[in-house]
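Keep in mind that the numbers below use all heavy atoms, side chains included, and drop hydrogens, waters and symmetry copies. Here is the naming used below: chain letters follow the sequence lines, and residue numbers restart at 1 for every chain.
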Amino acid sequence: MSSIQRATGMQDVLPEDWRYWEMIIEKATGLAHTFGFERVEVPILEYTNLFARGVGKSSDFFVQKEMYTIEEEDGEDVTMRPEFTASFMRSYIQNGMGNWVQPVKLYTIGPAFRRERPQANRFRQHSQFNAEIIGETDPAADVEIMMLARSLYHSLGYKSLAFQVNSTGCRDCKPVYVQKLRDYLAEHEDKLAPVDKTRLEMNPLRVLDSKEAGMDALLADAPHIVDNLCEDCAEHFKTLLALLDKLEQPYKINFRLVRGIDYYTKTVFEVWDTSIGAQAAIGGGGRYDGLSEAIGGPSCPGVGCGIGIERIVAGLKEQGIEPPAGPPLTAILIHFGGETKVGAVDLLYQLRAAGVQSILAFARGKRSMKSQMREANKREAKFALIMGEAEMEAGTVMVRELASGEQTAVGQADVAEWLRERA
RNA sequence: GCGGGUAUAGUGUAGUGGUUAACACGUCUGGUUGUGGCCCAGAAGAUCGUGGGUUCAAAUCCCACUACUCGCCCCA
């Protein structure tokens, strides 16, 4: 425990993997821009109250103590965000975004924290791309979010994608439906697994996504929420599907797709990777028209999605999708003998000042030229700049192109320009 | 919180009771005077996860703990 080791559920992203992150972030920010979303940063720490009200005290975050909460001595109580949406809404309200041109379309990329038991591609700190449209009820906004999510996966190289969609109703029709579902399940309580009996008590909607044996058959005959929506919600859902049809987006209505929290309303969706051997949700989102009021703000609709970066990285690796290779290191300076160090370091900073990517092969006292050349090779530098005593005297540098082995002497004052032309 | 698996140098592994724990890759250095990749030579690097126990003797058998990992739950 006291050993040098990362904390449970944490990850180091090393350069080899960062290439994937960089690619994902570039695609995500590019698409967000294309879609007209603007980047924001919201804090990692928020008052615990925000999540208590925004995510709900009955949620697993609270019930299972999955949040990282810091109780400070002065009585302040802050929590590391377990998700983003509540922060977005808080920011929207606090910064008076209700007075901006509506709707407000924002996105961010950053870490969130949940104190769970780590599993494959599930960490206590995970990063996600999060996009939200706040202040708009139009189902076309729901579609924008869905299309943004799908486009991201698509642009990264996911071939087979499909949506699963559902509506969870609103504060008017959801409770009515929940009661119907509860009644139905109560009738068949003898067929429910112990976990589902608990869910039936706590949150009947959760029974819908139960993976217990025999639930398929039992739930097939259960009341479905899409048949129990109020007029407004039904119209919203109908329009959403019509838009998806027009855009030729494959989707499947999944009546078991739910959000157990009251503030979530209407649209719920997940993006599925439908390629062989990968039947799984890779991202999702939904509408939360009740959230603002839940955290003490004015009535304000919103819809958003969250997309886990780590899972995309894992997915890309599984599919054998590689980030494009970065450009090779431009130059490595090799120096040996006499007073060459001073000249080499001087040249190094001249090159850098000129914007030429360059590193120094450290000589460590009496390290041989051969050893430094080996380093140049291992670092896959394009050019080795060789500075021995002869070059120092002549005011030149021997520039060797590693791939071809060709080399020429270049005046020290001209090296930067020479390299810029060829790098 | 509940189950299963694993734990030997930086990485991947070998080693199922008996001398200085092996191999590969990687790292570092050198291979005659200033030139990389291949090759050759050498070096560094492991209290065999931690702590107990059994035994004349433990990396090896037993127990506990811890960590990691895979599932459950929930999610990204």
Which is true for [X] with a 4.0 Å heavy-atom rule: it touches a base, it touches only sugar-phosphate, or it touches nothing?
X      : value
A:G405 : base
A:I307 : nothing
A:A384 : nothing
A:I282 : sugar-phosphate

Atom [atom1] of [X] to atom [atom2] of [N]: distance rounded to whole Å?
X      : N     : atom1 : atom2 : result
A:L14  : B:G10 : CG    : P     : 15 Å
A:W272 : B:C75 : CH2   : C1'   : 13 Å
A:E83  : B:A76 : CD    : P     : 8 Å
A:Q5   : B:U66 : CD    : C1'   : 9 Å
A:E66  : B:A76 : CD    : C1'   : 13 Å
A:L402 : B:C38 : CG    : P     : 13 Å
A:L152 : B:A76 : CG    : P     : 15 Å
A:I386 : B:G36 : CD1   : C1'   : 9 Å

Taking the same atom, [atom1], in [N] and in [M], what whole-Å distance lies between them?
N     : M     : atom1 : answer
B:U69 : B:A46 : C1'   : 22 Å
B:A67 : B:U50 : C1'   : 10 Å
B:G1  : B:C61 : P     : 30 Å
B:U16 : B:A22 : C1'   : 16 Å
B:A14 : B:A24 : C1'   : 10 Å

With the threshold set at 4.0 Å, does a side-chain nitrogen-carboxylate oxygen contact exist between [X] and [Y]?
X      : Y      : answer
A:K317 : A:E322 : no
A:E310 : A:R122 : no
A:R420 : A:E417 : yes
A:E41  : A:R39  : yes
A:E401 : A:R422 : no
A:D346 : A:K341 : no

Practice problem: Cation-pi check, A:K105 to A:F35: give yes when NZ or CZ is under 6.0 Å from the six-membered ring centre and within 45° of the ring axis, no otherwise. | Solution: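 A:K105 over A:F35 ring: no.
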Looking at [N], which nucleotide sits across from it as a Watson-Crick or G-U wobble partner, both distances under 3.5 angstrom, or is there none?
N     : answer
B:G42 : B:C28
B:C23 : B:G12
B:G49 : B:C65
B:C72 : B:G1
B:U55 : none

Tell whether [X] reaches the base of [N] with its side chain through a donor-acceptor pair below 3.5 angstrom.
X      : N     : answer
A:R400 : B:G36 : yes
A:Q407 : B:G36 : no
A:R117 : B:C74 : no

Qualifying ring-ring contact (aromatic ring centres under 6.0 Å, His included) pairs, either residue in [range], two or more places apart:
range                       : answer
residues 381-423 of chain A : A:F383-A:W418
residues 346-379 of chain A : none
residues 114-146 of chain A : A:Y107-A:F129

Quiz item: Contacts to RNA chain B from residues 119-130 of chain A, heavy-atom cutoff under 4.0 Å, which residues?
Solution: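 Those residues whose heavy atoms fall under 4.0 Å from RNA chain B, taken from residues 119-130 of chain A in numerical order, are A:Q119, A:A120, A:N121, A:R122, A:F123, A:H126, A:Q128.
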Quiz prompt | Distance (rounded to the nearest 0.5 Å) between A:I93 CD1 and A:E293 CD | solution =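 Between A:I93 CD1 and A:E293 CD, I get 9.5 Å after rounding to 0.5 Å.
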Practice problem: Classify every nucleotide of nucleotides 26-32 of chain B by which part a protein heavy atom approaches to under 4.0 Å, writing B for the base, S for the sugar-phosphate alone and - for neither, in 5'-to-3' order. | Solution: -SSSBB-
Exercise. Look at the aromatic rings of A:W21 and A:W18 and report parallel, tilted or perpendicular, splitting at 30° and 60°.
Key: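 If you compare the ring of A:W21 with that of A:W18, the planes turn out parallel.
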Quiz item: Between A:H33 and A:F37, is the ring centre distance below 6.0 Å?
Solution: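 No, the ring centres sit 6.0 Å or more apart.
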Exercise. Using the closest heavy atom to pick a nucleotide of RNA chain B for each, name whichever of A:M369 or A:G306 lands nearer the 5' end.
Key: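 That would be A:M369.
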Tabulate protein N/O versus nucleotide N/O from nucleotides 41-50 of chain B, keeping only pairs under 3.5 Å, one per line.
none

Practice problem: Mark yes when over 12 heavy atoms from residues, nucleotides or ligands other than A:E16 sit less than 6.0 Å from its CD; otherwise mark no. | Solution: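 No.
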